[in-house]
Undergrad: 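Below is the structure I would like to discuss, written out as structure tokens.
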Amino acid sequence: PLSLSLSLSVAAMALPSPCLSASSFSGNCFFRSFSPLAGLRPARQASSAFPPQNEEETRAADGKELRSLGGWFYSGASSMVGVQRGVGKARIGSRNHVCSLLEQSEAAAVAESFVPASSVSLVLQASPIPGSFKSRFSEGEPRKGSDVLVEALEREAVEHVFAYPGGASMEIHQALTRSNVIRNVLCRHEQGEVFAAEGYAKATGKVGVCIATSGPGATNLVSGLADAMLDSVPLVAITGQVPRRMIGTDAFQETPIVEVTRSITKHNYLILNVEDIPRVMREAFFLAASGRPGPVLVDIPKDIQQQMSIPDWLQPVRLHGYLQRLPKPPELAQLEQIVRLISSSQKPVVYCGGGCINASEELREFVDLTGIPVATTLMGLGVFPSSDERCLQMLGMHGTVYANYSVDQADLLLAFGVRFDDRVTGKLEAFASRASIVHIDIDSAEIGKNKPAHVSLCADVGLTLQGINQYIKKRDLKFDFSSWRENLYEYRKQWPMKYPDMDDCICPQHAIELLHKITCGNAIISTGVGQHQMWAAQWFKYERPRQWLTSGGLGAMGFGLPAAVGAAVANPNVPVIDIDGDGSFIMNIQELATICVEKLPVKIMILNNQHLGMVVQWEDRFYKGNRAHTYLGDPLDEGAIFPDFCKMAEGCKVPSARVTMKADLRVAIERMLETPGPYLLDVIVPHQEHVLPMIPSGGSFKDIITAGDGRGIS
């Protein structure tokens with residue numbers, strides 16, 4: 001594999017700290033250099049491609065070798081940017097407060113003060129490393145391009161792929177059967193496989209991998225790629241393509257998938273030279289996981305897959321421009337400015353989103369140090385514990401009244417890892433209109449795109465919060481926002497989350513709240529899209545990151561079951577529950593066969609109201625209840641439950657049950673959870689129930705709706 005050696009030069013200046021630590025991952029190799037007061041010098045190369053077996057193997061004195069953590073860093077310009085991979089996460093920067101290694105939740109040593117960015121320069125070099133990766137092939141032995149591809153995946157520590165075979169990808173599947181490392185999970189539809197790869201990535205933080213054939217196989221990935229792009233999911237999609245000589249001839253199952261996906265991927269490749277496979281795959285995984293994560297597509301013609309080659313694993317990557325654009329660590333002056341704004345505010349609120357998924361620990365420490373209340377977006381659920389009294393839950397269209405009130409009244413809005421989505425802001429002019437806004441995001445394109453900020457910072461949120469936290473602790477700063485929190489607490493008591501108490505039928509909110517109580521919140525939850533998604537966000541409480549898997553930006557129905565497949569593959573010992581709606585569930589119902597054959601203990605709880613519930617709610621609110629093709633049952637027999645999901649589950653050998661009465665719900669949920677393997681529970685709920693609170697699209701906090709349903713609509 002490629003080694004990115006680190007060359008550092010320190011300007012003529014006195015370092016203000018005892019040491020500056022810098023770490024670099026490349027491929028499967030880990031480098032660390034320690035600097036005493038005299039300056040910096042590089043460490044030697046690591047020698048292993050496998051994760052460390054214990055803590056001692058991750059620590060070494062100056063110049064000693066370290067074993068690989070199965071992850072990597074890349075260096076460029078005056079900063080170093082981390083990529084989460086393998087067993088732990090790591091962050092690195094040209095200042096010591098952002099230079100840390102977190103391996104299996106234990107922090108390594110971090111230096112205590114700043115070094116100006118201009119004082120450190122990092123030079124990218126390529127050099128061989130003596131890795132311990134054991135190839136199935138002898139050195140210099142020719143092998144097919146498909147075998148080169150599979151070995152490239154193995155070298156990226158890939159253990160699972162989600163792949164569906166076809167004519168243009170058969171060679172890849174044949175090569176997968178020769179791998180002793182990678183297991184393929186055979187989903188029953190390409191959309192199912194790309195959503196499963198997303199669920200795998202969302203639940204682990206690793207890069208998800210899916211493989212499809214050319215033509216319709218590749219185009220079936222499009223929704224998943226768009227979803228991963230909007231939700232910043234690290235994903236590598238590999239597609240077979242017709243042979244090179246047939247490209248552009250309208251050959252059977254030919255689709256220019258690179259052109260089709262250009263605007264919905266972070267980057268894509270069409271490989272026209274078999275020698276490029278090692279380099280392209282290394283670049284694809286780095287691009288997918290670095291900066292703002294996203295999907296990368298690699299299109300490989302069939303003749304390239306069949307061509308014999310001797311791979312060169314030492315090829316240099318070609319990402320100079322990309323590396324130069326990666327954000328630098330924050331400047332001390334920027335952090336001071338943010339702290340001054342906090343000190344001068346009286347009603348600050350943290351507004352955090354999916355960009356904080358890897359900064360949960362730093363966010364919690366920041367809130368402990370400042371006492372500032374936190375409101376999360378749909379994608380940010382779990383980054384701050386819902387049970388914490390400072391958590392205001394979700395804000396936005398279907399957020400809590402008190403979370404939206406806090407933003408409306410705030411004099412300082414700390415926007416961390418968010419993009420000011422329309423479902424959060426509503427009317428932009430009225431959103432946080434009283435507040436000074438601090439916007440921190442790793443993607444420069446998001447800064448000022450929707451809502452101008454008074455202070456903007458393009459940087460990694462985790463690194464920035466590390467710096468702010470250290471700044472506060474070093475100066476022993478104290479903050480008192482108790483009166484503001486008391487104000488919000490009183491407002492929470494005035495406007496609590498609630499739902500109607502029904503004796504004769506099952507309220508969907510009650511079903512989810514009961515599920516949370518029975519599981520004690522110890523489960524990974526996936527959802528489709530619609531009313532059930534919002535109720536799952538409101539009534540199941542999330543205490544940690546990567547516990548909540550949903551399609552946020554794209555809102556792709558059919559996401560829930562395949563995402564649960566991916567999460568269950570990655571977390572075999574953690575309960576995985578798909579809370580779904582009948583309309584969403586049926587869109588990828590074929591994955592019932594997958595969970596049966598793969599013996600995945602996925603539990604499915606369908607909130608079945610026989611309608612497209614969210615569209616019905618909008619019909620009730622804004623179209624006088626006129627039904628426009630939103631009834632999903634049998635119009636000739638409206639008293640029957642149609643389709644019969646229990647019979648469909650039976651056809652796929654998945655145990656199932658249906659519950660219609662509130663009194664029977666607890667026993668039904670407990671039986672679902674206690675049954676080994678997969679299980680489907682069909683929970684019949686009324687279609688008149690609405691998701692509340694609700695701020696109409698384009699509205700503001702003053703337009704919030706807190707009562708009513710569809711029962712009064714004729």
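Keep in mind that this is a model prediction, so the values were computed, not measured.
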Undergrad: Distance-only, no hydrogens or angles: does the D703 side chain make a donor-acceptor pair with backbone N or O of S700 under 3.5 Å?
TA: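 Between the backbone of S700 and the side chain of D703 there is a qualifying donor-acceptor contact (under 3.5 Å).
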Undergrad: Please round to the nearest 0.5 Å and tell me the distance separating atom NE2 of H532 and atom CG of L607.
TA: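 Rounded to the nearest 0.5 Å, the NE2-CG separation comes to 7.5 Å.
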Undergrad: If I compare all heavy atoms of T527 with all of A536, which pair ends up nearest, and what's the gap?
TA: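 The pair with the smallest heavy-atom distance is CG2-CB, 3.9 Å.
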Undergrad: Using the benzene-type ring in the case of Trp, are the ring centres of H439 and F416 under 6.0 Å apart?
TA: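 Here the rings of F416 and H439 have centres that are no less than 6.0 Å from each other.
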Undergrad: Regarding K478 and D480, does a basic nitrogen lie under 4.0 Å from an acidic carboxylate oxygen?
TA: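 Answer for the salt bridge query: no.
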Undergrad: Any side-chain heavy atom of I372 within less than 4.5 Å of one from V367?
TA: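 Contact flag for I372/V367 side chains = no.
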Undergrad: Looking at D441 and R419, does any basic side-chain N land under 4.0 Å from a carboxylate oxygen?
TA: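 R419 and D441: not salt-bridged.
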Undergrad: If only atom types and distance count, is the side chain of D578 paired as donor or acceptor with the main-chain N or O of A564 below 3.5 Å?
TA: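 Such a contact is absent between D578 side chain and A564 backbone.
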Undergrad: Do the ring centers of W539 and Y499 come within less than 6.0 Å of each other?
TA: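 Judged by ring-centre distance (under 6.0 Å), W539 and Y499 do meet the cut-off.
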Undergrad: Measuring from E365:CD to I468:CD1, what's the distance to the nearest 0.5 Å?
TA: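 The distance works out to 11.0 Å.
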Undergrad: Quick one: are W495 and N404 in side-chain contact, heavy atoms under 4.5 Å?
TA: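 They are not in side-chain contact.
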Undergrad: Evaluate whether atom NZ of K517 has more than 12 neighbouring non-hydrogen atoms of other residues, nucleotides or ligands under 6.0 angstrom away.
TA: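 No, not enclosed.
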Undergrad: Distance alone, cut at 3.5 Å: any donor-acceptor contact between the side chains of Y322 and K266?
TA: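 Yes, K266 and Y322 have a side-chain donor paired with an acceptor closer than 3.5 Å.
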Undergrad: First locate atom OG of S551, then atom CD of E198, and finally report the distance between them rounded to the nearest 0.5 Å.
TA: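 If I round to the nearest 0.5 Å, the distance is 7.0 Å.
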Undergrad: Testing the basics here: between L326 and G291, what is the closest heavy-atom pair and its distance to 0.1 Å?
TA: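 Minimum heavy-atom contact is CD2-CA, 3.9 Å.
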Undergrad: Determine whether T400 and M497 make a side-chain contact, defined as any pair of heavy atoms from C-beta on separated by less than 4.5 Å.
TA: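 Side-chain contact under 4.5 Å: yes.
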Undergrad: If you count the non-hydrogen atoms of other residues, nucleotides and ligands that lie under 6.0 Å from CD in Q346, is the total more than 12?
TA: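 Check fails, neighbour count at 12 or below.
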Undergrad: Do R544 and E361 sit within salt-bridge range, that is, some charged N less than 4.0 Å from a carboxylate O?
TA: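 No, no charged N to carboxylate O under 4.0 Å.
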Undergrad: State whether the side chain of D388 and the backbone N or O of F384 hold a donor-acceptor pair below 3.5 Å, judged by distance alone.
TA: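 Pair absent, no side-chain N/O of D388 close to backbone of F384.
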Undergrad: Check whether any side-chain N or O of H398 sits under 3.5 Å from a backbone N or O of P693 as a donor-acceptor pair, and report yes or no.
TA: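 Checking the backbone N and O of P693 against the side chain of H398, a donor-acceptor pair under 3.5 Å is found.
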Undergrad: Do you see a donor-acceptor pair shorter than 3.5 Å between the side chains of R364 and S360?
TA: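 Per modelled atom types, R364 and S360 side chains form a pair under 3.5 Å.
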Undergrad: Run the side-chain contact (heavy atoms from CB on, under 4.5 Å) test on H510 and M502 for me, step by step, so that the C-alpha distance in whole Å, both residues' side-chain angles and the decisive distance to 0.1 Å come before the verdict.
TA: CA-CA 9 Å; H510 170 68; M502 303 177 184; over 6 Å; no
Undergrad: Please check: side-chain N/O of Q393 versus main-chain N/O of A537, any donor-acceptor pairing under 3.5 Å?
TA: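 No, the answer is negative, given that no donor and acceptor are paired below the 3.5 Å cut-off.
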Undergrad: Heavy atoms, side chains only, cut-off 4.5 Å: are L413 and F431 in contact?
TA: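 Yes - at least one pair of side-chain heavy atoms lies under 4.5 Å apart.
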Undergrad: What's the verdict on side-chain contact (heavy atoms from CB on, under 4.5 Å) for D408 and R434, showing C-alpha distance, side-chain angles and the deciding distance?
TA: CA-CA 7 Å; D408 185 67; R434 299 173 174 85; 3.2 Å; yes
Undergrad: Are V349 and L414 close enough that some pair of their side-chain heavy atoms sits under 4.5 Å apart?
TA: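 No, their side chains stay 4.5 Å or more apart.
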Undergrad: Does the ring center of Y542 lie less than 6.0 Å from the ring center of W548?
TA: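 Aromatic pair counts; centres sit under 6.0 Å.
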Undergrad: Can R390 and D368 be counted as an ion pair, charged N to O under 4.0 angstrom?
TA: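 Salt bridge flag = yes for D368 with R390.
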Undergrad: Go through the steps for L369 and Y471 under the test side-chain contact (heavy atoms from CB on, under 4.5 Å), then give the verdict.
TA: CA-CA 11 Å; L369 290 170; Y471 185 95; over 6 Å; no
Undergrad: What closest approach, in Å, do A288 and V207 show between heavy atoms, and which atom pair accounts for it?
TA: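 Closest heavy-atom pair between A288 and V207: CB-CG1, 4.3 Å.
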Undergrad: Give a yes or no on this: more than 12 heavy atoms of other residues, nucleotides or ligands lie within 6.0 Å of atom OH of Y489.
TA: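 Open: at most 12 neighbouring heavy atoms sit under 6.0 Å from OH of Y489.
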Undergrad: Quick one: does T550's side chain get under 4.5 Å of L378's, heavy atoms only?
TA: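 Contact flag for T550/L378 side chains = yes.
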Undergrad: Look at R485 together with E389 and state whether they make a salt bridge at an N to O cut-off of under 4.0 Å.
TA: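 Salt bridge: no.
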Undergrad: Are the ring centres of Y405 and Y491 closer than 6.0 Å?
TA: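 They qualify: ring centres under 6.0 Å apart.
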Undergrad: Before we go on, tell me: are the rings of Y351 and F420 under 6.0 Å apart, centre to centre?
TA: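 Yes, ring centres under 6.0 Å apart.
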Undergrad: If we only count heavy atoms from C-beta on, is the I705 to P696 side-chain gap below 4.5 Å?
TA: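 The answer is yes; the side chains approach within 4.5 Å.
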Undergrad: Between Q531 and Q617, is there a side-chain donor-acceptor contact under 3.5 Å, judged purely by atom types and distance?
TA: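 Side-chain D/A pair, Q617 to Q531: present.
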Undergrad: Do any N or O atoms from the side chain of N571 and from the backbone of V574 form a donor-acceptor pair under 3.5 angstrom?
TA: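 Judged by distance alone, no pair lies under 3.5 Å.
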Undergrad: Counting only heavy atoms not in W618, do more than 12 fall under 6.0 Å of its CH2?
TA: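 Enclosed: over 12 neighbouring heavy atoms sit under 6.0 Å from CH2 of W618.
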Undergrad: Identify the heavy atoms of T464 and A459 that sit nearest to each other, and give their distance.
TA: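 Smallest heavy-atom distance, with atoms named: OG1-CB, 3.6 Å.
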Undergrad: Can you tell me if S526 uses its side chain to pair, donor with acceptor, with the backbone of L549 under 3.5 Å?
TA: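 Judged by distance alone, no pair lies under 3.5 Å.
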Undergrad: To the closest 0.5 Å, what do you measure between CD (E362) and SG (C356)?
TA: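 So the CD of E362 and the SG of C356 are separated by 9.5 Å.
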Undergrad: Would you give the length of the straight line joining atom CD of E513 to atom CD of Q538, rounded to the nearest 0.5 angstrom?
TA: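 Rounded to the nearest 0.5 Å, the CD-CD separation comes to 11.5 Å.
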Undergrad: So, does T425 use its side chain to make a donor-acceptor pair with the main chain of L428 at under 3.5 Å?
TA: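 Pair absent, no side-chain N/O of T425 close to backbone of L428.
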Undergrad: For K541, is the NZ atom crowded, meaning more than 12 foreign heavy atoms sit under 6.0 Å from it?
TA: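 Yes.
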Undergrad: Hey, does the side chain of W535 reach the backbone of I512 with a donor-acceptor pair shorter than 3.5 angstrom?
TA: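 Judged by distance alone, no pair lies under 3.5 Å.
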Undergrad: What heavy-atom pair brings V383 and P545 nearest, and what distance separates the two atoms?
TA: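 So the two residues come closest at CA-CG, 4.3 Å.
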Undergrad: List in chain and number order the residues that pass side-chain contact (heavy atoms from CB on, under 4.5 Å) with Q688, two or more places apart in sequence or in another chain; answer none if no residue qualifies.
TA: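 Q688: side-chain contact (heavy atoms from CB on, under 4.5 Å) contacts with P686, R711.
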Undergrad: Do any N or O atoms from the side chain of Q547 and from the backbone of A523 form a donor-acceptor pair under 3.5 angstrom?
TA: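 Yes; judged by distance alone, with no hydrogens or angles, the pair exists.
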Undergrad: Between I357 and R546, is there a side-chain heavy-atom distance shorter than 4.5 Å?
TA: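 In short, these two side chains touch, coming nearer than 4.5 Å.
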Undergrad: Hey, what do you get for CG (D411) to CG (L341), rounding to the nearest 0.5 Å?
TA: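 Going from the CG atom of D411 to the CG atom of L341 covers 10.0 Å.
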Undergrad: Run V374 and C352 through side-chain contact (heavy atoms from CB on, under 4.5 Å) and show every step you take.
TA: CA-CA 7 Å; V374 178; C352 65; 3.7 Å; yes
Undergrad: Over all heavy atoms of both residues, which pair between R621 and L692 is shortest? Give the atoms and the distance, please.
TA: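 So the two residues come closest at NH2-CD2, 3.7 Å.
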